[in-house]
Engineer: 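Structure provided below as structure tokens; questions to follow.
We're numbering straight along the sequence, starting at 1.
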Amino acid sequence: MDVRLLGDCGKMVPKSMLRRRRSESVEIGNTNCEVNSEENESRSTREYSNGHLHPTPELTTYGGIKLGWIQGVLIPCLLNIWGVMLFLRIAWVVAQAGIGLSVIIVFLSAIVCVITTLSLSAICTNGQLQGGGVYYLVSRSLGAEFGASVGILFAFANAVAASMNTIGFCDSLNHLLKTHGLKIVDNDVNDIRIVGAVALLVMCVICAIGMDWETKAQNFLIVVIVVAIINYIVGALIGPRSDVERAKGFVGINLHTIRENWLPNFRYSEGREHDFFSVFAVYFPAVTGVQAGANICGDLKNPAVAIPKGTLLALAISVTSYFTMVILSGMGALRDASGNVANLTTAALESCKPHCGYGLHNNYAIMQLMSAWGPFIYAGCWAATLSTALTNLLSVPRLIQALGVDRIYPGLIFFSKPYGRHGEPYRGYVLTFFVSLLFLLIANLNAIAPLITNFYLASYALINFCTFHAAFVHQINWRPTFRYYNKWLSLAGFLMCASIMMIISWAMALTTMFVFMTLYLLVLYRKPDVSWGSSTEGQRYQDTVSFIAELSHRVTHSRSYNPQLLVLAGTPLQRPALIDVAHMLTKIGSFMIVADITDSELTKGERASRQHIGEQFVKYRKLRAFYVLLQGFDLKRGANALMQASGLGKLSPNILLIGFKKDWTNAEHKQISDYYGVIQDAFDLKLAVTILRVPGTSQTVQRWRWTPRVVSEPNNFELVMHTQVLALMNSDSDLEDDDQAMDDDSDKLIDSENQLSNETSSSEQNPESIGGEALRSANFSRTSRRKLSNGALSFRALSFNCKQYVDAWWLYEDGGLNILLPYIIARRGYKHKLPLRIFAITKEQHKRDFEKKCMESLLKKFRIEYTELTLVRGIGDAPPESSWKMFNNIINDFKSEEKTDILTSEAELKSQYSKTSRHLRLRNLLLQHSTKAAIVIITLPLPRKVSASLYMAWLEVLSRDLPPVLFVRGNDSCVLDA
């Protein structure tokens with residue numbers, strides 16, 4: 001029956017029902033699902049092409065047929081475990097290691113596999129499983145970095161295992177042909193290569209065409225293998241039936257043979273001198289089928305029950321069979337035999353050493369000799385090798401497809417493309433064929449087996465480590481229903497696998513680790529946008545919380561100071577210059593909080609949309625920032641709340657960054673009062689204050705609105721937005737919009753019928769435009785925009801010429817912040833180092849040289865690199881009349897008979913005359929020295945006992961007609977240390 005998975009429902013419905021009830025509501029169990037097969041199919045195609053598939057979807061191997069624990073786990077595991085080693089290398093293992101050590105080798109392999117199976121069972125029962133096998137298990141447990149790395153290793157091991165089993169099939173076929181005097185080329189490696197290549201090709205084609213028949217075929221294969229094993233056991237118990245069999249080493253079970261074969265007899269064979277661990281390396285692939293059930297976990301009815309039950313039972317049956325065959329081989333056959341029927345004494349038979357042609361050491365096909373009916377051993381051997389090879393060839397493309405769907409390695413996406421109604425990865429089969437063919441050309445079973453052992457041990461080590469790590473971290477979502485595991489036992493399994501890898505071949509183990517670390521670092525560098533609730537994420541969370549808590553109890557030292565900014569930027573797209581400056585200050589080792597304050601009460605959908613826009617902007621600009629949306633507060637109350645409550649412990653903002661309110665002369669008094677109140681509150685709360693003014697960055701462009709729309713997806717809450725761009729203010733303002741009507745619009749959703757237009761904005765036409773980047777980052781489609789009006793303002797990002805200066809006017813001592821921030825901008829904030837000029841005020845001309853030397857010594861002590869140091873005199877001189885005229889024109893509209901919080905009076909102007917004169921004179925010095933600077937950093941006047949209008953007038957005269965100006969005032973905490 002052909003079935004299809006229904007998105008949100010998670011239920012399986014026959015495709016025929018989908019056709020009949022295309023637009024009806026289909027009820028399955030307690031779940032109602034709206035069904036439309038054509039829409040679902042087109043949607044899944046679009047999602048795949050756009051790379052938005054839900055991570056690792058159902059990758060069904062059997063066309064939607066769901067398997068039970070016997071058909072899906074027990075039989076596949078037995079078919080994998082009973083592979084090439086069962087009939088072709090067990091006797092050789094006994095000959096090398098003896099009965100005693102062979103039993104230990106089988107037992108040690110069983111211990112590794114049992115521990116791994118327990119760990120695997122715990123992972124499999126901790127949540128719902130989907131397709132992807134071992135990759136899925138490890139990636140969802142330890143994270144994408146570990147999962148993808150071990151997934152590649154495991155896929156490679158399976159591809160090589162397919163070639164190894166194919167070589168075993170060819171070896172057996174060669175022996176059969178040789179006994180009948182037949183050959184293709186040389187009855188040796190060339191015959192193996194020819195037959196193996198054809199066999200691999202046929203098996204890959206069979207897998208690609210479809211494996212719906214395998215559920216029936218595997219039952220036949222398992223019967224053949226079981227009968228072949230029984231055939232061998234019966235023959236070994238009966239004993240030899242002719243002198244020819246005795247002459248070839250099959251002497252029957254007797255105490256003399258047991259004593260002779262009990263101890264090891266390691267020899268030089270196949271190009272190397274063997275020992276315990278080299279023999280172990282050849283044998284271990286015999287038990288590497290325990291993951292067969294996990295490989296097709298997407299096809300199981302109940303993976304959480306089927307995998308532990310079927311795998312453990314398969315392991316018990318197979319290990320028992322290996323123990324039996326090891327003991328019978330050692331008890332009934334000689335290590336060496338001449339094949340001479342003329343003299344059948346043991347001494348005569350073994351007199352041919354070391355050039356005997358028969359016996360356990362020399363005849364890989366001795367199983368046929370010892371069995372009740374020799375030809376059936378060939379059938380069992382072919383069934384074991386070809387079924388294992390088929391399973392390996394089937395699992396590798398599926399694993400590659402899972403990696404491609406998750407978009408972990410871009411190079412694998414090409415090979416993961418699905419074809420046909422079952423989504424067969426045909427390209428993956430081609431890749432698997434060529435990898436397997438490459439190792440098939442080696443045509444030597446003993447040479448390939450240690451390589452496979454190494455990669456399988458690495459995979460098993462990671463599976464054990466997954467379970468240990470998840471249990472050790474005590475993550476909340478670690479709740480496996482399989483209870484028969486222990487985290488320390490899993491750790492022992494990990495260490496055992498790693499130790500065996502090193503003992504077998506330290507060079508191969510280091511190579512495996514190098515490959516693994518390369519794959520791991522590649523994923524770590526790419527930072528795939530996935531979050532699967534892995535134990536690694538849980539560990540990071542716990543470590544982060546612990547470190548923040550520990551950090552909060554430490555005494556802060558000036559050496560550990562970092563600028564931590566609270567940026568009142570509103571919707572980040574409105575004020576890119578603020579974000580740019582904040583990014584320069586925080587991109588190395590610090591962070592900023594981007595605050596968006598609105599006095600409107602937003603609906604759930606409006607808030608989600610606005611939050612999404614801010615987070616997408618932060619993400620795609622790669623800012624070290626956190627976006628915070630605060631609703632239902634005016635500016636002053638909202639900013640005050642954020643200054644007190646934002647951050648965690650020592651990771652709280654210590655600098656407030658706002659934009660200069662350039663339209664303050666035309667603003668309502670409440671807006672001026674709120675702005676001034678924010679500055680005062682910041683100083684009261686012991687925060688440093690920075691104010692940015694960036695003139696001349698606006699340009700007239702078309703205005704766009706984006707309509708938010710909330711879309712629900714299975715297990716995911718995605719926002720597909722066409723949201724409204726707020727009326728863009730001056731890029732150096734962070735308070736109210738120039739057009740209040742536009743501000744009102746910004747907090748409301750546009751009617752859903754305001755839809756599509758193909759118009760494009762200038763921000764799109766200019767890829768460097770920060771607006772264009774934000775539009776792209778928020779995933780806005782070209783057809784989802786509508787032009788509303790002309791004349792809105794868009795803003796370019798701050799850009800500096802590497803030959804321009806950063807000018808720092810260090811006027812007052814504020815703890816050193818006024819010199820630290822310019823240094824960060826000049827040396828670390830921009831992609832090129834900028835020349836830094838420092839200006840300071842000197843009062844007495846005759847002490848100018850002395851003061852300069854003192855200043856140079858101080859800067860050297862603080863390790864501040866600079867290009868030029870200038871001591872400016874004349875700050876106490878009278879400013880020109882034109883400056884007073886400009887000041888009076890600014891302040892005239894804010895005079896009253898009596899001073900208020902906002903308005904000034906003649907009395908206040910007289911009392912603040914010296915300060916005003918000083919600021920006007922400083923303006924002249926700024927115009928004289930810094931008009932061509934990239935950015936000017938000036939010490940911010942303190943807002944002490946002065947009206948809001950007079951304070952704003954001071955800032956106006958200090959920053960008008962200048963390049964970007966950043967006012968800075970520390971909170972008198974020392975931020976520089978020698």
Engineer: Give a yes-or-no answer on whether the side chains of Ser930 and Trp809 include a donor-acceptor pair shorter than 3.5 Å.
Structural biologist: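 Yes, because at least one side-chain N or O of Ser930 sits under 3.5 Å from a partner of the opposite role on Trp809.
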Engineer: Would you compute the distance between atom CE of Met886 and atom CD of Glu881 and round it to the nearest 0.5 angstrom?
Structural biologist: 12.0 Å
Engineer: Taking the six-membered ring for Trp, are Trp884 and Tyr913 closer than 6.0 Å centroid to centroid?
Structural biologist: yes
Engineer: Between Asn640 and Phe633, is the side-chain contact (heavy atoms from CB on, under 4.5 Å) condition met? List the steps.
Structural biologist: CA-CA 10 Å; Asn640 190 283; Phe633 287 85; over 6 Å; no
Engineer: Tell me whether the count of non-hydrogen atoms from other residues, nucleotides or ligands lying under 6.0 Å of CG in Asp543 goes above 12.
Structural biologist: yes
Engineer: Is the backbone N or O of Glu145 less than 3.5 Å from a side-chain atom of Ser149, with the two atoms forming a donor-acceptor pair by type?
Structural biologist: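 Yes.
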Engineer: Consider only side-chain N and O atoms of Glu956 and Trp664, and report whether a donor and an acceptor are under 3.5 Å apart.
Structural biologist: yes
Engineer: Distance-only, no hydrogens or angles: does the Arg960 side chain make a donor-acceptor pair with backbone N or O of Leu955 under 3.5 Å?
Structural biologist: no
Engineer: Indicate yes or no: at least one non-hydrogen side-chain atom of Gln616 is less than 4.5 angstrom from one of His612.
Structural biologist: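 Answer yes - side chains close enough.
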Engineer: Exactly one of Leu565, Asn562, Leu623, Val581 should register a side-chain contact (heavy atoms from CB on, under 4.5 Å) with Thr586. Which one does?
Structural biologist: Leu565
Engineer: Any cation-pi pair here, Arg837 with Tyr805, using under 6.0 Å and within 45°?
Structural biologist: yes
Engineer: Would you call Leu927 and Leu962 a side-chain contact if the rule is heavy atoms closer than 4.5 Å?
Structural biologist: yes
Engineer: Is any side-chain heavy atom of Ile579 closer than 4.5 Å to a side-chain heavy atom of Phe617?
Structural biologist: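 A side-chain contact under 4.5 Å exists here.
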Engineer: CZ of Arg624 to NZ of Lys587: how many Å apart, nearest 0.5 Å?
Structural biologist: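 NZ of Lys587 is found 11.5 Å from CZ of Arg624.
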Engineer: Please confirm whether the backbone N or O of Leu519 pairs with a side-chain atom of Tyr409, one donor and one acceptor, at under 3.5 Å?
Structural biologist: yes
Engineer: Pick from Val965, Asp961, Ile938, Val957: which one makes a side-chain contact (heavy atoms from CB on, under 4.5 Å) with Leu926?
Structural biologist: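 Exactly one pass, corresponding to Ile938.
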Engineer: Answer yes or no: is there a donor N or O on one side and an acceptor on the other, between the side chain of Gln564 and the main chain of Ile593, under 3.5 Å?
Structural biologist: no
Engineer: Any side-chain heavy atom of Ile691 sitting closer than 4.5 Å to one from Leu966?
Structural biologist: no
Engineer: Does any non-hydrogen side-chain atom of Leu566 lie less than 4.5 Å from one of Ile655?
Structural biologist: no
Engineer: Establish, from distance only, whether the side-chain atoms of Ser883 and Asn924 form a donor-acceptor pair under 3.5 Å.
Structural biologist: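 Side-chain D/A pair, Ser883 to Asn924: present.
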Engineer: Are any non-hydrogen side-chain atoms of Gln671 and Tyr675 less than 4.5 angstrom apart?
Structural biologist: no
Engineer: Can you tell me if Thr867 uses its side chain to pair, donor with acceptor, with the backbone of Leu836 under 3.5 Å?
Structural biologist: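 Indeed, once roles are kept as given, a pair shorter than 3.5 Å links the two residues.
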Engineer: Within the structure provided, determine whether Asn818 and Tyr812 are in side-chain contact (heavy-atom separation under 4.5 Å).
Structural biologist: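 In short, these two side chains do not touch, never coming nearer than 4.5 Å.
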Engineer: Between Tyr951 and Pro941 (side chain of the first, backbone of the second, donor and acceptor by atom type, cut-off under 3.5 Å), is there such a pair?
Structural biologist: yes
Engineer: In this structure, which one of Lys636, Gln644, Arg637 forms a side chain to side chain donor-acceptor pair (under 3.5 Å) with Asp681?
Structural biologist: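 Exactly one candidate clears the test, Lys636.
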Engineer: Could you go step by step and tell me if Thr870 and Glu868 meet the side-chain hydrogen bond (donor to acceptor under 3.5 Å, both in side chains) rule?
Structural biologist: CA-CA 7 Å; Thr870 303; Glu868 183 180 333; 3.3 Å; yes
Engineer: Measure the shortest side-chain to side-chain distance between His583 and Lys622 over non-hydrogen atoms and say whether it is less than 4.5 angstrom.
Structural biologist: no
Engineer: Is a side-chain donor-acceptor pair under 3.5 Å present for Trp954 with Thr916?
Structural biologist: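 There is such a pair (donor and acceptor under 3.5 Å, judged by atom type) between the side chains of Thr916 and Trp954.
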Engineer: Under 3.5 Å, is there a donor-acceptor pair linking the side chains of Ser959 and Arg693?
Structural biologist: yes
Engineer: Does any N or O in the side chain of Asp807 come within less than 3.5 Å of the main-chain N or O of Val936, such that one atom is a donor and the other an acceptor?
Structural biologist: no
Engineer: If we count only N and O atoms by modelled type, under 3.5 Å, do the side chains of Glu908 and Ser947 hold a donor and an acceptor together?
Structural biologist: yes
Engineer: Answer with yes or no whether the side chains of Asp596 and Tyr627 bring together a donor and an acceptor at under 3.5 Å.
Structural biologist: yes
Engineer: What closest approach, in Å, do Leu578 and Leu568 show between heavy atoms, and which atom pair accounts for it?
Structural biologist: CD1-O, 3.7 Å
Engineer: Quick test of your reading of the model: are Asp580 and Arg621 salt-bridged, counting only N-O distances below 4.0 Å?
Structural biologist: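 Here Asp580 pairs with Arg621 in a salt bridge, since their nearest N and O are under 4.0 Å apart.
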